[in-house]
Amino acid sequence: MNKIIPPENLPELLERAYLMAGVNLAHIAAQRGLSVPKDLKRDKGWVGQLIEMELGAIAGSKPEQDFLHLGVELKTIPIDSRGHPLETTYVCVAPLHNIQGLTWQNSLVCHKLQRVLWVPIEGERCIPVGERRIGTPILWEPTPHELQLLQQDWEEIMELIALGKVDKVTARHGEVLQLRPKAANSKALTQSIAADGSLKMTNPRGFYLKKNFTASILNRVFG
DNA sequence: GGGTGATCATAC
DNA sequence: GTATGATCACCC
């Protein structure tokens, strides 16, 4: 399979992304020498990693933006026939301890969402994976209002975590940003703050963008 | 039906 | 376990 050089600058990244619009996943997979899974049950990250590869993202499991040199995070987003998101969007792992002094401005959520290249992909399960088409990419930088919503949710959730109430936070907290389990399964454990300030073990959590928020981003283009 | 909580694959 | 990439699937 051909290796793809990372884009040198933002226009180059955008050009590559725009060239994929309208193309289906089987076509991209064939170029990369990959086989297409029959469904995503056991390949949940397949689409995202395929697009990463095609755009020349730096492979790695670092908690940073995909195109660090460009200040861009890449997100594929499954959409229905009307262009609405089918899933929430994972942002990053939530810190559950050692969070004294942590502010919104230096949080991982804030850094990752500073600039996102959204790549919509047809995601309805009735469409065979290989036939799903890539949509028009959207380079998004949060507006001041969006930043305010994100910061407010983040601060409320982090406050509860700091108070040792992580187990009381559900996905219903937050208007645009939510906290949900993010682990291999419900038995996975990590350290978190207990009510008395000591450490206890809890299921790891991650921050996710709710569908309505992502939909409003996509709607700017698709109406 | 839709959202919340659970889960899958993989690298290290 | 933690981090990446996310979607699955049960329950309300």
Side-chain angles (χ1 to χ4, degrees), chain A residues 4 6 25 28-29 32 34-68 72-82 84-99 107-109 111-113 116-130 132 134-135 153 157 160-161 166-192 199-215:
Chain A
I4 295 198
L25 298 181
I28 304 290
R32 303 271 66 78
L34 301 173
S35 56
V36 180
K38 69 174 191 301
D39 59 49
L40 300 180
K41 288 181 185 178
R42 295 190 168 276
D43 296 273
K44 298 182 180 181
W46 186 81
V47 175
Q49 287 167 348
L50 180 71
I51 302 302
E52 268 190 358
M53 197 180 299
E54 184 69 8
L55 290 177
I58 300 98
S61 57
K62 295 185 294 288
E64 261 304 344
Q65 292 162 319
D66 296 292
F67 299 95
L68 190 55
V72 172
E73 169 75 6
L74 176 66
K75 289 290 179 196
T76 59
I77 177 73
I79 55 168
D80 63 20
S81 57
R82 300 184 305 173
H84 294 172
L86 288 165
E87 296 287 348
T88 56
T89 302
Y90 171 68
V91 180
C92 61
V93 167
L96 302 182
H97 70 109
N98 288 161
I99 55 175
S107 72
L108 201 45
V109 176
H111 282 288
K112 281 213 169 186
L113 297 183
V116 178
L117 181 62
W118 296 95
V119 179
I121 316 267
E122 289 179 327
E124 285 167 320
R125 293 185 202 178
C126 60
I127 308 174
V129 176
R132 297 180 189 177
I134 300 167
D153 285 347
I157 292 169
L160 290 168
I161 290 173
V166 64
D167 292 332
K168 293 185 170 49
V169 180
T170 71
R172 285 168 282 269
H173 283 81
E175 294 293 320
V176 300
L177 189 71
Q178 62 182 179
L179 193 73
R180 302 221 309 277
K182 172 60 175 173
N185 53 57
S186 59
K187 286 136 195 137
L189 294 173
T190 191
Q191 288 187 317
S192 69
L199 291 178
K200 65 176 180 180
M201 301 305 284
T202 337
N203 190 225
R205 314 298 166 95
F207 282 111
Y208 296 77
L209 298 177
K210 300 180 79 168
K211 280 191 204 175
N212 57 4
F213 186 70
T214 312

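Per chain, numbering begins at 1; letters A, B, ... match sequence-line order. Since this is a predicted model, take the numbers as computed values, not measurements.
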Worksheet item: dG5(C) P sits how many Å from Leu50(A) CG, rounded?
Response: 14 Å
Item to complete: Keeping to residues at least two apart or across chains, list the salt bridge (charged side-chain N to carboxylate O under 4.0 Å, His left out) pairs with something in residues 182-191 of chain A.
Response: none
Worksheet entry | Atom pair distance, as rounded to whole Å: NZ in Lys187(A) and P in dA6(B) | 10 Å
Discussion item. Rounding to an integer number of Å, can you tell me how far Arg180(A) CZ sits from dG3(B) C1'?
Written reply: 8 Å
Practice prompt. Could you tell me whether Lys200(A) and Asp167(A) make a salt bridge, using a distance below 4.0 angstrom between a side-chain N and a carboxylate O?
Written response: yes
Discussion item. Nearest 0.5 angstrom please: Leu25(A) CG to Ile51(A) CD1, how far?
Written reply: 6.0 Å
Discussion item. If I take atom CZ in residue Arg205(A) and atom P in nucleotide dG1(C), what distance separates them, rounded to the nearest angstrom?
Written reply: 14 Å
Discussion item. Does dT7(B) have OP1 or OP2 under 4.0 Å away from a side-chain N or O of Ser186(A)?
Written reply: yes
Worksheet entry | Gap separating the CZ atom of Arg132(A) from the CZ atom of Arg125(A), nearest 0.5 angstrom | 9.0 Å
Worksheet entry | Heavy atoms of other groups near Glu64(A) CD, more than 12 under 6.0 Å | yes
Item to complete: Write down the distance between CE (Met201(A)) and C1' (dG1(C)), rounded to a whole number of angstrom.
Response: 9 Å
Response to the item:
Gln178(A) atom CD is separated from dT4(B) atom C1', nearest whole Å, by 8 Å
Discussion item. To the nearest 0.5 Å, what is the distance between CG on Leu55(A) and OG1 on Thr76(A)?
Written reply: 10.5 Å
Worksheet entry | dG5(B) phosphate, OP1 or OP2, under 4.0 Å from Arg172(A) side-chain N/O | yes
Discussion item. Can you see if the side chain of Arg125(A) gets near the phosphate of dC8(C) - specifically, an N or O under 4.0 Å from OP1 or OP2?
Written reply: yes
Under 3.5 Å, which protein N or O atoms sit close to an N or O of nucleotides 2-4 of chain C? Give each pair with its distance.
unit_1	atom_1	unit_2	atom_2	d
dT2(C)	OP1	Thr190(A)	OG1	2.8
dT2(C)	OP2	Thr190(A)	OG1	2.7
dT4(C)	OP1	Lys112(A)	NZ	2.8
dT4(C)	OP2	Tyr90(A)	OH	3.1
dT4(C)	O4	Lys182(A)	NZ	3.3

Worksheet entry | side chain to side chain contact (heavy atoms under 4.5 Å, CB included), paired with Leu209(A), selected from Val91(A), Thr88(A), Val176(A) | Val91(A)
Worksheet item: When we call it a touch if two heavy atoms are under 4.0 Å apart, what does Thr170(A) touch: a base, just sugar-phosphate, or nothing?
Response: sugar-phosphate
Worksheet entry | Nucleotide nearest Arg42(A) (side chain, heavy atoms from C-beta), chosen from dC8(C), dC8(B), dT4(B) | dC8(B)
Item to complete: Give one of base, sugar-phosphate or nothing for Gly48(A), where a contact means two heavy atoms less than 4.0 Å apart.
Response: sugar-phosphate
Worksheet item: Expressed in angstrom and rounded to an integer, what is the separation of Lys211(A) atom NZ from dC8(C) atom P?
Response: 12 Å
Discussion item. For dT7(B), does the base pair up with any side-chain atom of Lys44(A) as donor and acceptor (N or O, under 3.5 Å, distance only)?
Written reply: yes
Fill in: Value in whole Å for how far the P atom of dC8(C) lies from CD of Glu87(A)
6 Å
